[in-house]
Engineer: 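First the structure, which I've put down as structure tokens, then a few questions once you've had a look.
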Amino acid sequence: MSQVVQDGVRPLIDGFGRRITYLRISVTDRCDLRCRYCMAEAMSFMPRDQILSLEEIAAIADAFIARGVRKIRLTGGEPLIRKGVPELAGIIGRHIANGDLDELTLTTNGTNLARTAPALVDAGVRRVNVSLDSRDPERFRHITRWGDVDKVLEGIAAAKAAGLRVKINMVALKGLNEDEIEPMLRWCADEGHDLTLIETMPLGMIDEDRTDRYLPLDQVRDTLASRFTLTPLADRTGGPARYHRVEELDTRIGLITPLTENFCAGCNRVRITATGRLYMCLGHDDKVDLKTALRSGGPEALDALLDQAMALKPLRHDFRIDEREAAPAVVRHMSVTGG
Ligand code: SAM
Ligand code: SF4
């Protein structure tokens, strides 16, 4: 079969002509918190003997980079609770030094960031996304079920001190943190962090009905626009966020709107789970098993499977959250596929 070659690589192009340049790797589905919109309190996690070794993760990252992936995000679950993740970042990060990778980033809940930030910088990480749904200790504890916000704030401060750019991810939750959106924006502006708001998505069963907490971000944008001058920006960072400049605060805000404004047309990313399943979309079940391919056929089998996977990428997700007690769009939690 003849294949297109661009700039010396055989790019990964899906059936709709979208080039895949962004890989998210979930290094573990486990977490030290239990955010109510993400997980049930009594979660069952994948058996440890099914999880990819760090060497296998590095080999899979190599295979994607060889096919033109330019950005990798390590995520989870909580990536920084797995031993050896800063070292894994160092192994993947060597591709930045030799020009084969533009960026290696990480999404974390921040609880272990104070301890790991310097090692992440040494590994070549320059930006981290930290989830922070509230700066109020009681609320933070409620949302995460037992988290300590001071630990996260310490982690964020350590990341900044180590030279990492920090983007705060805040899931907008009706009646839980909507009154904190403006204070969070002001705090981020003062601290020099970016802020991205996210709509809660119907992924996996949790202990409550997400409809009760769903806050459409078009409403939030309108409320902010009545308080500030919002100028839409063309910046895209390879992710789904749409950015607005907040003129009065000299900062910007990103909105991730999987429900109110579909962004799939520009999708450039795929995700692998900690067990080596490659999912083509957060909201669909199409997947291939990279772990078996790697273990049984080595790098060649892995490479061939990437081509097969491209044909499986769907045009778009179809999330809905407006039907009370409706089943989730997919049974996998975001902590499995990797946020
Ligand atoms: N544990 C890390 C963290 O919290 O940043 C990384 C994994 S977490 C799954 C990645 C992001 O997904 C977080 O910003 C989290 O708030 C978000 N998230 C989790 N479940 C979600 C859901 N059902 N809808 C929208 N965002 C969700
Ligand atoms: Fe853990 Fe992140 Fe999910 Fe919260 S959002 S439970 S920190 S994986």
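For the single chain, residues carry numbers from 1 onward in sequence order. The model shown is predicted, which means the values in this text are computed figures rather than measured ones. When a ligand or atom number is given, it counts from 1 through the structure's own listing order.
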Engineer: Do you see an N/O/S atom of Cys38, backbone or side chain, under 2.8 Å from atom 1 (Fe) of ligand 2?
Structural biologist: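 Given the 2.8 Å cut-off, Cys38 does not count as a ligand of atom 1 (Fe) of ligand 2.
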
Engineer: What I want to check is whether the side chains of Glu78 and Thr108 have a donor and an acceptor closer together than 3.5 Å.
Structural biologist: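 Distance-only check passes for Glu78 and Thr108.
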
Engineer: Looking only at heavy atoms, what is the nearest atom pair of Ala159 and Leu113, with distance?
Structural biologist: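 Minimum heavy-atom separation between Ala159 and Leu113: CB-CD2, 3.9 Å.
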
Engineer: Write out the residue and atom name of the closest protein heavy atom to atom 2 (Fe) of ligand 2, then the distance separating them to 0.1 Å.
Structural biologist: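 Of every protein heavy atom, Cys31 SG, 4.5 Å lies nearest to atom 2 (Fe) of ligand 2.
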
Engineer: Does ligand 1 come near enough to Thr107 that some N or O of the ligand is less than 3.5 Å from an N or O of the residue?
Structural biologist: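 By distance alone, the answer is no.
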
Engineer: Answer yes if the side chains of Ser26 and Arg271 hold a donor-acceptor pair under 3.5 Å, and no otherwise.
Structural biologist: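 There is no such pair between these side chains.
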
Engineer: What are the atoms of ligand 1, with element, lying closer than 4.0 Å to any heavy atom of Met201?
Structural biologist: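 Those qualifying, in numeric order: 22 (C), 23 (N), 24 (N), 25 (C).
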
Engineer: Look at atom 1 (N) of ligand 1 and find which of Ser131, Ala172, Gly77 reaches it with the closest heavy atom.
Structural biologist: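 When every heavy atom of Ser131, Ala172, Gly77 is considered, Gly77 comes closest to atom 1 (N) of ligand 1.
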
Engineer: Can you list the atoms of ligand 1 that are under 4.0 Å from a heavy atom of Val171?
Structural biologist: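 Numbered from 1, ligand 1 contributes 16 (O), 26 (N).
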
Engineer: side-chain hydrogen bond (donor to acceptor under 3.5 Å, both in side chains) for Thr111 and Asp32? Distances and angles first, verdict last.
Structural biologist: CA-CA 8 Å; Thr111 57; Asp32 54 342; 2.6 Å; yes

Engineer: Going by the atom numbers of ligand 1, which of them fall below 4.0 Å from some non-hydrogen atom of Glu78?
Structural biologist: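 Atoms satisfying the 4.0 Å criterion: 1 (N), 2 (C).
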
Engineer: Testing the basics here: between His284 and Tyr279, what is the closest heavy-atom pair and its distance to 0.1 Å?
Structural biologist: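 Scanning both residues, the minimum pair turns out to be O-CD2, 3.8 Å.
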
Engineer: Are Arg70 and Glu103 ion-paired here, with the side-chain N under 4.0 Å from a carboxylate O?
Structural biologist: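 No, no charged N to carboxylate O under 4.0 Å.
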
Engineer: Just which atoms of ligand 1 are under 4.0 Å from any heavy atom in Cys38?
Structural biologist: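 Counting atoms of ligand 1 from 1, those under 4.0 Å from Cys38 are 19 (C), 20 (N).
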
Engineer: If you count the atoms of ligand 1 from 1 in the order shown, which ones are under 4.0 Å from a heavy atom of Thr108?
Structural biologist: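 Every atom of ligand 1 under 4.0 Å from some heavy atom of Thr108: 2 (C), 3 (C), 5 (O).
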
Engineer: Can you list the atoms of ligand 1 that are under 4.0 Å from a heavy atom of Thr75?
Structural biologist: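 In order of numbering, the contacting atoms are 6 (C), 7 (C).
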
Engineer: Would you call Ser131 a ligand 2 contact, heavy-atom distance under 4.0 Å?
Structural biologist: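 Outside the 4.0 Å threshold, so no.
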
Engineer: I'd like to know if Met170 contacts ligand 1, where contact means a heavy-atom distance under 4.0 Å to any ligand atom.
Structural biologist: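 No.
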
Engineer: Could you check which of Gly110, Cys35, Gly76, Gly77 puts a non-hydrogen atom nearest to atom 6 (S) of ligand 2?
Structural biologist: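 Comparing heavy atoms across Gly110, Cys35, Gly76, Gly77, the nearest one to atom 6 (S) of ligand 2 lies in Cys35.
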
Engineer: Assess whether a salt bridge exists between Asp102 and Lys71, defined as any Lys/Arg side-chain N lying under 4.0 Å from an Asp/Glu carboxylate O.
Structural biologist: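 Salt bridge flag = no for Lys71 with Asp102.
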
Engineer: Within the 3.5 Å criterion, strictly below it, is a donor on Thr196 or Asn169 matched to an acceptor on the partner's side chain?
Structural biologist: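 No pair is found: no donor N or O on one side chain lies under 3.5 Å from an acceptor on the other.
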
Engineer: Establish, for the pair Arg252 and Tyr243, whether the NZ or CZ atom is under 6.0 angstrom from the six-membered ring centre and no further than 45 degrees off its axis.
Structural biologist: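 Yes, cation above the ring, under 6.0 Å and within 45°.
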
